[in-house]
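Here is the structure we will look at, set down as C-alpha coordinates.
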Amino acid sequence: DTDTASPTALTGDFKSAIVIDAETGMVLVATDAHARHQPASMLKMMTELIVLEHVAEGDVKMDDKVKVSAKSSKMGGSQVYLKHGEVFTVEELLLALAIHSANDAAVALAEHVAGSTDAFIDLMNMRAEDLGMTNSHFETVHGLPPDWKQEPDLTTAHDMAVLGRALVHYPEALEWASTKTAPFRGGKFTLYNPNKLVGNYRGLDGLKTGYTGPAGFCVTATATQRGKRLISVVMGCSTDKARATETTRLLTYGFNMYQQVPVIPAAGETLPQPVTVKGGKKKKVTVAYGESLTVSVPRDREEDIVIQNEIAEPVQAPLDLGFEVGRAIVMLDGLELGSVPIVTTEEVAKGNWLNRLL
(Lines give C-alpha, C1' and ligand atoms only; values in the text may rest on other atoms or scores of the structure.)
Protein backbone atom coordinates (compact mmCIF):
# COMPACT_ATOMS: atom_id res chain seq x y z
CA ASP A 1 0.00 0.00 0.00
CA THR A 2 1.84 3.10 -1.21
CA ASP A 3 -0.72 5.68 -0.10
CA THR A 4 0.62 6.99 3.21
CA ALA A 5 -2.08 9.63 3.61
CA SER A 6 -3.47 7.27 6.20
CA PRO A 7 -0.80 5.95 8.58
CA THR A 8 0.54 2.42 8.24
CA ALA A 9 -0.64 -0.09 10.85
CA LEU A 10 2.29 -2.32 11.77
CA THR A 11 1.91 -5.36 13.99
CA GLY A 12 4.45 -6.45 16.58
CA ASP A 13 5.10 -7.33 20.20
CA PHE A 14 3.13 -4.36 21.56
CA LYS A 15 -0.48 -3.47 22.39
CA SER A 16 -0.29 -0.10 20.66
CA ALA A 17 2.25 1.93 18.71
CA ILE A 18 2.69 5.20 16.85
CA VAL A 19 5.36 7.11 14.92
CA ILE A 20 4.99 10.85 14.29
CA ASP A 21 7.05 13.57 12.66
CA ALA A 22 8.09 15.82 15.58
CA GLU A 23 8.05 18.99 13.50
CA THR A 24 4.68 18.72 11.73
CA GLY A 25 2.87 16.18 13.92
CA MET A 26 2.15 14.05 10.82
CA VAL A 27 1.31 10.46 11.86
CA LEU A 28 3.34 7.90 9.88
CA VAL A 29 2.53 4.67 11.72
CA ALA A 30 -0.42 3.98 14.01
CA THR A 31 -1.54 0.68 15.54
CA ASP A 32 -4.39 1.03 18.07
CA ALA A 33 -2.86 4.45 18.82
CA HIS A 34 -6.00 5.68 20.63
CA ALA A 35 -6.46 2.61 22.88
CA ARG A 36 -6.13 3.51 26.57
CA HIS A 37 -3.40 1.82 28.60
CA GLN A 38 -1.38 2.54 31.72
CA PRO A 39 1.76 4.54 30.83
CA ALA A 40 3.93 3.56 33.83
CA SER A 41 6.96 5.90 34.07
CA MET A 42 6.40 7.43 30.62
CA LEU A 43 3.97 9.62 32.57
CA LYS A 44 7.04 11.32 34.13
CA MET A 45 7.44 13.19 30.83
CA MET A 46 4.45 15.27 31.94
CA THR A 47 5.97 15.85 35.39
CA GLU A 48 9.20 16.95 33.72
CA LEU A 49 7.42 19.13 31.12
CA ILE A 50 5.48 21.03 33.79
CA VAL A 51 8.61 21.66 35.88
CA LEU A 52 10.58 22.81 32.81
CA GLU A 53 7.72 25.11 31.77
CA HIS A 54 7.68 26.65 35.25
CA VAL A 55 11.46 27.16 34.99
CA ALA A 56 11.07 28.75 31.53
CA GLU A 57 8.42 31.12 32.90
CA GLY A 58 10.68 32.06 35.83
CA ASP A 59 8.29 30.73 38.54
CA VAL A 60 10.80 28.07 39.55
CA LYS A 61 14.61 28.25 39.36
CA MET A 62 16.99 25.40 38.60
CA ASP A 63 18.98 26.23 41.75
CA ASP A 64 15.91 26.45 44.03
CA LYS A 65 16.47 24.39 47.18
CA VAL A 66 13.93 21.61 47.72
CA LYS A 67 13.55 20.06 51.17
CA VAL A 68 12.52 16.41 51.01
CA SER A 69 9.15 15.75 52.68
CA ALA A 70 8.22 12.62 54.63
CA LYS A 71 5.89 11.69 51.76
CA SER A 72 8.55 11.83 49.04
CA SER A 73 10.98 9.83 51.22
CA LYS A 74 8.46 6.94 51.37
CA MET A 75 8.09 6.17 47.65
CA GLY A 76 8.55 2.67 46.24
CA GLY A 77 9.85 1.51 42.87
CA SER A 78 12.73 3.21 41.10
CA GLN A 79 14.17 5.85 43.43
CA VAL A 80 17.23 7.75 44.62
CA TYR A 81 16.46 7.04 48.31
CA LEU A 82 15.68 10.63 49.31
CA LYS A 83 15.70 11.03 53.11
CA HIS A 84 13.24 13.21 55.00
CA GLY A 85 14.83 16.66 55.47
CA GLU A 86 17.57 16.24 52.84
CA VAL A 87 17.95 19.25 50.52
CA PHE A 88 18.50 19.14 46.74
CA THR A 89 18.22 21.67 43.92
CA VAL A 90 15.43 21.48 41.36
CA GLU A 91 18.05 20.63 38.73
CA GLU A 92 19.44 17.68 40.75
CA LEU A 93 15.92 16.30 41.21
CA LEU A 94 15.14 16.77 37.49
CA LEU A 95 18.26 14.74 36.65
CA ALA A 96 17.11 11.98 39.02
CA LEU A 97 13.64 12.08 37.43
CA ALA A 98 14.77 12.21 33.78
CA ILE A 99 17.76 9.82 33.89
CA HIS A 100 16.96 7.41 36.72
CA SER A 101 13.14 7.65 36.58
CA ALA A 102 13.10 8.29 40.34
CA ASN A 103 9.61 8.21 41.86
CA ASP A 104 10.71 10.03 45.01
CA ALA A 105 12.21 12.87 42.93
CA ALA A 106 8.89 13.17 41.06
CA VAL A 107 7.03 13.68 44.35
CA ALA A 108 9.58 16.19 45.71
CA LEU A 109 9.42 18.25 42.48
CA ALA A 110 5.60 18.15 42.39
CA GLU A 111 5.37 19.36 45.99
CA HIS A 112 7.89 22.15 45.30
CA VAL A 113 6.11 23.41 42.15
CA ALA A 114 2.46 23.11 43.21
CA GLY A 115 2.49 22.73 47.00
CA SER A 116 1.14 19.18 46.96
CA THR A 117 0.98 16.18 44.63
CA ASP A 118 -2.81 16.62 44.29
CA ALA A 119 -2.40 20.20 43.10
CA PHE A 120 0.34 19.09 40.70
CA ILE A 121 -1.88 16.30 39.29
CA ASP A 122 -4.49 19.00 38.52
CA LEU A 123 -1.79 20.88 36.57
CA MET A 124 -0.94 17.65 34.69
CA ASN A 125 -4.54 17.09 33.63
CA MET A 126 -5.01 20.73 32.64
CA ARG A 127 -1.82 20.63 30.55
CA ALA A 128 -2.92 17.36 28.90
CA GLU A 129 -6.18 19.06 27.88
CA ASP A 130 -4.28 22.09 26.48
CA LEU A 131 -2.08 19.79 24.40
CA GLY A 132 -5.09 17.91 23.00
CA MET A 133 -4.33 14.66 24.86
CA THR A 134 -8.03 13.81 24.86
CA ASN A 135 -7.73 10.19 26.08
CA SER A 136 -5.40 10.82 29.02
CA HIS A 137 -6.17 11.07 32.69
CA PHE A 138 -3.48 11.25 35.36
CA GLU A 139 -3.86 10.18 38.98
CA THR A 140 -0.18 10.15 40.05
CA VAL A 141 3.00 12.15 39.44
CA HIS A 142 5.14 9.04 38.81
CA GLY A 143 3.07 6.33 37.08
CA LEU A 144 3.28 3.59 39.75
CA PRO A 145 0.34 1.13 39.68
CA PRO A 146 -2.68 2.26 41.70
CA ASP A 147 -2.98 1.49 45.39
CA TRP A 148 -6.19 0.01 46.75
CA LYS A 149 -9.13 2.37 46.04
CA GLN A 150 -7.04 4.41 43.54
CA GLU A 151 -7.78 4.76 39.83
CA PRO A 152 -4.96 3.97 37.38
CA ASP A 153 -3.22 6.56 35.19
CA LEU A 154 -4.53 6.11 31.64
CA THR A 155 -3.26 7.40 28.31
CA THR A 156 -2.70 6.35 24.69
CA ALA A 157 0.29 5.95 22.38
CA HIS A 158 -0.99 8.97 20.44
CA ASP A 159 -1.21 11.15 23.56
CA MET A 160 2.29 10.13 24.70
CA ALA A 161 3.65 11.11 21.26
CA VAL A 162 1.94 14.51 21.60
CA LEU A 163 3.52 14.90 25.06
CA GLY A 164 6.92 13.86 23.69
CA ARG A 165 6.56 16.44 20.93
CA ALA A 166 6.09 19.17 23.57
CA LEU A 167 9.05 17.94 25.65
CA VAL A 168 11.60 17.83 22.80
CA HIS A 169 11.41 21.65 22.62
CA TYR A 170 13.56 21.65 25.77
CA PRO A 171 17.22 20.87 24.90
CA GLU A 172 17.97 19.85 28.50
CA ALA A 173 15.25 17.18 28.35
CA LEU A 174 17.06 15.56 25.41
CA GLU A 175 20.45 15.98 27.07
CA TRP A 176 19.26 14.20 30.23
CA ALA A 177 17.30 11.51 28.38
CA SER A 178 20.42 10.56 26.40
CA THR A 179 22.72 10.46 29.46
CA LYS A 180 23.65 6.87 30.41
CA THR A 181 24.89 7.52 33.95
CA ALA A 182 25.40 10.57 36.17
CA PRO A 183 26.56 11.17 39.74
CA PHE A 184 24.00 12.08 42.42
CA ARG A 185 24.31 13.14 46.07
CA GLY A 186 27.86 14.37 45.45
CA GLY A 187 28.88 11.11 43.77
CA LYS A 188 27.70 8.76 46.56
CA PHE A 189 24.94 7.47 44.28
CA THR A 190 24.91 6.86 40.53
CA LEU A 191 21.90 7.57 38.31
CA TYR A 192 21.37 4.85 35.67
CA ASN A 193 19.29 5.32 32.52
CA PRO A 194 17.03 2.28 31.93
CA ASN A 195 16.72 3.11 28.19
CA LYS A 196 18.80 0.44 26.37
CA LEU A 197 18.39 2.30 23.07
CA VAL A 198 20.62 5.17 24.21
CA GLY A 199 23.93 4.79 22.38
CA ASN A 200 22.59 1.86 20.35
CA TYR A 201 20.42 3.59 17.76
CA ARG A 202 21.78 6.31 15.49
CA GLY A 203 20.53 9.78 16.40
CA LEU A 204 18.46 8.60 19.37
CA ASP A 205 18.40 11.06 22.26
CA GLY A 206 15.34 10.18 24.35
CA LEU A 207 12.85 10.06 25.79
CA LYS A 208 11.31 7.89 28.52
CA THR A 209 10.85 4.22 29.32
CA GLY A 210 8.17 2.73 31.54
CA TYR A 211 7.44 -0.64 33.10
CA THR A 212 4.90 -2.01 35.54
CA GLY A 213 3.05 -5.34 35.50
CA PRO A 214 -0.21 -3.85 34.16
CA ALA A 215 1.52 -1.54 31.66
CA GLY A 216 4.08 -3.98 30.30
CA PHE A 217 7.28 -2.55 28.80
CA CYS A 218 6.76 0.88 27.19
CA VAL A 219 8.94 3.59 25.72
CA THR A 220 8.49 6.98 24.09
CA ALA A 221 11.58 7.34 21.90
CA THR A 222 12.89 10.12 19.69
CA ALA A 223 15.69 10.23 17.16
CA THR A 224 17.01 12.55 14.46
CA GLN A 225 18.39 11.34 11.13
CA ARG A 226 19.08 13.44 8.01
CA GLY A 227 17.72 16.52 9.80
CA LYS A 228 14.34 14.89 10.51
CA ARG A 229 13.15 14.22 14.08
CA LEU A 230 10.67 11.40 14.68
CA ILE A 231 8.92 10.31 17.87
CA SER A 232 7.77 6.74 18.43
CA VAL A 233 5.76 5.15 21.22
CA VAL A 234 5.23 1.47 22.02
CA MET A 235 2.98 0.35 24.87
CA GLY A 236 2.52 -3.10 26.36
CA CYS A 237 5.60 -4.92 24.99
CA SER A 238 6.23 -8.30 26.62
CA THR A 239 9.94 -7.84 27.40
CA ASP A 240 12.60 -5.16 27.72
CA LYS A 241 14.26 -6.60 24.59
CA ALA A 242 11.01 -6.45 22.58
CA ARG A 243 10.56 -2.81 23.59
CA ALA A 244 13.99 -1.96 22.10
CA THR A 245 13.57 -4.16 19.01
CA GLU A 246 10.12 -2.82 18.14
CA THR A 247 11.18 0.80 18.65
CA THR A 248 14.20 0.33 16.37
CA ARG A 249 11.92 -1.19 13.74
CA LEU A 250 9.30 1.58 13.99
CA LEU A 251 11.80 4.44 13.82
CA THR A 252 13.74 2.89 10.93
CA TYR A 253 10.48 2.32 9.05
CA GLY A 254 9.51 5.96 9.69
CA PHE A 255 12.83 7.38 8.51
CA ASN A 256 12.76 5.26 5.35
CA MET A 257 9.27 6.51 4.50
CA TYR A 258 10.66 9.95 3.69
CA GLN A 259 12.23 11.40 0.60
CA GLN A 260 13.72 14.87 0.12
CA VAL A 261 11.77 16.92 -2.43
CA PRO A 262 13.19 20.22 -3.77
CA VAL A 263 9.84 22.05 -3.91
CA ILE A 264 11.43 25.41 -4.72
CA PRO A 265 14.68 24.41 -6.45
CA ALA A 266 16.34 27.83 -6.52
CA ALA A 267 16.01 31.29 -4.99
CA GLY A 268 14.92 33.91 -7.52
CA GLU A 269 12.38 31.72 -9.34
CA THR A 270 9.69 34.26 -10.39
CA LEU A 271 6.00 33.73 -9.74
CA PRO A 272 3.71 33.85 -12.81
CA GLN A 273 1.48 36.57 -11.35
CA PRO A 274 2.88 40.05 -10.67
CA VAL A 275 1.67 41.86 -7.55
CA THR A 276 -0.46 45.02 -7.54
CA VAL A 277 1.32 48.13 -6.25
CA LYS A 278 -0.40 51.12 -4.66
CA GLY A 279 1.01 54.64 -5.00
CA GLY A 280 3.99 53.64 -7.17
CA LYS A 281 5.45 54.65 -10.53
CA LYS A 282 4.36 51.19 -11.72
CA LYS A 283 1.05 49.45 -11.06
CA LYS A 284 2.57 45.93 -10.92
CA VAL A 285 5.79 44.42 -9.59
CA THR A 286 7.35 41.06 -10.44
CA VAL A 287 7.98 38.85 -7.40
CA ALA A 288 10.06 35.71 -6.80
CA TYR A 289 10.79 33.13 -4.13
CA GLY A 290 13.49 34.56 -1.86
CA GLU A 291 15.05 31.19 -0.94
CA SER A 292 15.17 27.61 -2.17
CA LEU A 293 13.30 24.98 -0.15
CA THR A 294 13.64 21.23 0.14
CA VAL A 295 11.13 19.39 2.31
CA SER A 296 10.96 15.78 3.40
CA VAL A 297 7.76 14.11 2.31
CA PRO A 298 6.50 10.55 2.71
CA ARG A 299 7.28 8.60 -0.49
CA ASP A 300 4.74 8.77 -3.34
CA ARG A 301 3.13 11.90 -1.90
CA GLU A 302 5.05 14.45 -4.02
CA GLU A 303 1.95 15.13 -6.13
CA ASP A 304 -0.06 16.09 -3.05
CA ILE A 305 2.20 18.99 -2.03
CA VAL A 306 0.47 22.37 -2.28
CA ILE A 307 2.25 25.74 -2.36
CA GLN A 308 0.12 28.54 -0.93
CA ASN A 309 1.38 32.00 -1.86
CA GLU A 310 0.19 34.39 0.82
CA ILE A 311 0.50 38.04 -0.24
CA ALA A 312 -1.56 40.94 1.12
CA GLU A 313 -2.25 42.93 -2.06
CA PRO A 314 -1.92 45.74 -2.94
CA VAL A 315 1.58 46.48 -1.62
CA GLN A 316 2.48 50.07 -0.85
CA ALA A 317 5.25 51.87 -2.79
CA PRO A 318 8.12 52.70 -2.47
CA LEU A 319 9.55 49.16 -2.68
CA ASP A 320 13.22 48.19 -2.50
CA LEU A 321 14.64 45.32 -4.49
CA GLY A 322 14.22 42.13 -2.42
CA PHE A 323 11.43 43.58 -0.25
CA GLU A 324 9.37 40.80 1.39
CA VAL A 325 5.74 41.06 0.24
CA GLY A 326 4.52 37.70 1.53
CA ARG A 327 5.35 34.05 2.12
CA ALA A 328 5.04 30.83 0.16
CA ILE A 329 3.84 28.09 2.49
CA VAL A 330 4.35 24.46 1.53
CA MET A 331 1.50 22.23 2.76
CA LEU A 332 0.68 18.54 2.81
CA ASP A 333 -2.64 17.29 4.23
CA GLY A 334 -3.15 20.70 5.87
CA LEU A 335 0.21 20.51 7.69
CA GLU A 336 2.92 23.09 7.05
CA LEU A 337 6.18 21.52 5.81
CA GLY A 338 8.09 24.77 5.40
CA SER A 339 7.91 28.30 4.04
CA VAL A 340 10.03 30.88 2.18
CA PRO A 341 9.68 34.64 1.69
CA ILE A 342 8.22 36.08 -1.54
CA VAL A 343 10.28 39.13 -2.54
CA THR A 344 10.27 41.88 -5.19
CA THR A 345 12.68 41.43 -8.13
CA GLU A 346 12.88 45.18 -8.85
CA GLU A 347 12.58 48.53 -7.14
CA VAL A 348 9.37 50.53 -7.43
CA ALA A 349 9.72 54.26 -6.77
CA LYS A 350 6.94 56.23 -5.14
CA GLY A 351 4.74 57.73 -7.86
CA ASN A 352 4.18 61.45 -8.41
CA TRP A 353 0.80 62.92 -7.44
CA LEU A 354 -0.69 61.97 -10.82
CA ASN A 355 0.35 58.28 -10.49
CA ARG A 356 -1.00 58.29 -6.96
CA LEU A 357 -4.26 59.92 -8.05
CA LEU A 358 -4.77 57.31 -10.79
Side-chain angles (χ1 to χ4, degrees), residues 1 3-50 121 123-140 143 145-146 150-169 206-223 229-238 242-243 245-255 257 298 301 332-336:
D1 180 7
D3 179 27
T4 49
S6 55
T8 314
L10 293 177
T11 54
D13 181 346
F14 46 73
K15 286 186 182 143
S16 60
I18 195 168
V19 180
I20 68 165
D21 180 325
E23 197 182 356
T24 63
M26 187 185 294
V27 180
L28 306 175
V29 177
T31 306
D32 293 329
H34 293 288
R36 295 180 90 183
H37 298 292
Q38 291 186 36
S41 280
M42 291 196 301
L43 168 148
K44 292 190 179 96
M45 290 192 297
M46 181 61 95
T47 312
E48 186 180 346
L49 178 68
I50 289 173
I121 291 161
L123 293 182
M124 293 168 75
N125 286 314
M126 276 154 54
R127 195 68 186 97
E129 206 175 317
D130 291 345
L131 288 166
M133 295 166 61
T134 48
N135 287 310
S136 296
H137 191 75
F138 301 126
E139 298 278 347
T140 73
Q150 258 188 332
E151 292 298 306
D153 300 299
L154 286 173
T155 187
T156 66
H158 168 270
D159 287 2
M160 286 289 108
V162 168
L163 176 55
R165 195 179 166 206
L167 191 56
V168 298
H169 289 298
L207 262 174
K208 193 75 204 71
T209 57
Y211 170 75
T212 60
F217 290 87
C218 318
V219 64
T220 300
T222 184
R229 178 175 290 283
L230 298 183
I231 294 170
S232 71
V233 181
V234 286
M235 300 186 79
C237 299
S238 64
R243 165 170 72 184
T245 310
E246 296 296 1
T247 297
T248 299
R249 208 178 110 220
L250 286 163
L251 286 172
T252 300
Y253 181 88
F255 285 121
M257 271 175 78
R301 297 294 311 283
L332 177 64
D333 296 343
L335 297 169
E336 186 179 321

Query raised in the report: Side chains of Asn125 and Glu129: closer than 4.5 Å at any heavy-atom pair?
Result: no
Query - Pairing residues for His169 by the side chain to side chain contact (heavy atoms under 4.5 Å, CB included) criterion, not counting sequence neighbours - result: none
Query raised in the report: When rounded to the nearest 0.5 angstrom, what distance separates NE2 in His158 from CE in Met235?
Result: 13.0 Å
Report summary line: Residues Thr212 and Gly143: closest non-hydrogen pair is CG2-O, 4.0 Å
Query - Pairwise distance CG(Asn135) to CZ(Arg36) - rounded to 0.5 angstrom - result: 6.0 Å
Report task. Quick one: closest heavy-atom pair of Ala128 and Phe138, and the distance? Result -> CB-CE1, 4.1 Å
Query raised in the report: Between Arg243 and Gly210, is there a donor-acceptor pair closer than 3.5 Å when you use the side chain of the first and the backbone of the second?
Result: yes
Query - Euclidean distance, Met26 CE relative to Asp333 CG, rounded to 0.5 Å - result: 5.5 Å
Requested in this report: Search all heavy atoms of Ala40 against all heavy atoms of Tyr211 and return the closest pair with its distance.
Outcome: CB-N, 3.5 Å
Query raised in the report: Counting N and O atoms only, with roles assigned by atom type, does the side chain of Ser41 sit under 3.5 Å from a partner on the main chain of Thr209, one being a donor and the other an acceptor?
Result: no
Query raised in the report: Is atom CD of Glu139 surrounded by more than 12 heavy atoms (other residues, nucleotides or ligands) closer than 6.0 Å?
Result: yes
Query - Check: Arg229 side chain, Asp21 main-chain N or O, donor-acceptor pair, under 3.5 Å - result: no
Report summary line: Rounded to the nearest 0.5 angstrom, the NZ-CG distance for Lys44 and Leu49 is 15.5 Å
Query - Leu131 to Val162 - nearest heavy-atom pair and separation - result: O-CG1, 3.4 Å
Query raised in the report: Any sub-3.5 Å donor-acceptor pair from Glu246's side-chain atoms to Asp13's backbone N or O?
Result: yes
Query raised in the report: Does any non-hydrogen side-chain atom of Leu43 lie less than 4.5 Å from one of Met124?
Result: yes
Requested in this report: Search all heavy atoms of Lys208 against all heavy atoms of Met42 and return the closest pair with its distance.
Outcome: O-CG, 3.5 Å
Query - Donor-acceptor pair, side chain of Asp153 and main chain of Thr140, under 3.5 angstrom - result: yes
Report task. Check whether any side-chain heavy atom of Glu151 sits under 4.5 Å from a side-chain heavy atom of His137, and report yes or no. Result -> no
Report summary line: Heavy-atom closest pair (Arg249 atom, Gly12 atom, distance to 0.1 Å) is NH1-CA, 4.0 Å
Query raised in the report: Is a side-chain N or O of Arg127 found less than 3.5 angstrom from the main chain of Met46, in a donor-acceptor match?
Result: no
Query raised in the report: Counting N and O atoms only, with roles assigned by atom type, does the side chain of Asp159 sit under 3.5 Å from a partner on the main chain of Ser136, one being a donor and the other an acceptor?
Result: yes
**Report entry** Option from Leu250, Ile231, Val233, Asp32 for which side-chain contact (heavy atoms from CB on, under 4.5 Å) with Ile18 holds
**Finding:** Val233
Query raised in the report: Between Pro39 and Met45, is any pair of side-chain heavy atoms under 4.5 Å apart?
Result: no
Query raised in the report: Among Thr155, Val219, Val234, which residue meets the side-chain contact (heavy atoms from CB on, under 4.5 Å) test with Met160?
Result: Thr155
Report summary line: Test side-chain contact (heavy atoms from CB on, under 4.5 Å), reference Thr222, set Val168, Ile20, Leu167, output is Val168
**Report entry** Spacing of Phe14 atom CZ and Thr247 atom OG1 [to the nearest 0.5 Å]
**Finding:** 9.0 Å
**Report entry** Sub-4.5 Å side-chain heavy-atom contact between Val29 and Tyr253
**Finding:** yes
Query raised in the report: Looking at side-chain heavy atoms only, is the closest gap between His37 and Ser16 below 4.5 Å?
Result: yes
Query - More than 12 heavy atoms from other groups under 6.0 Å of CD on Glu336 - result: yes
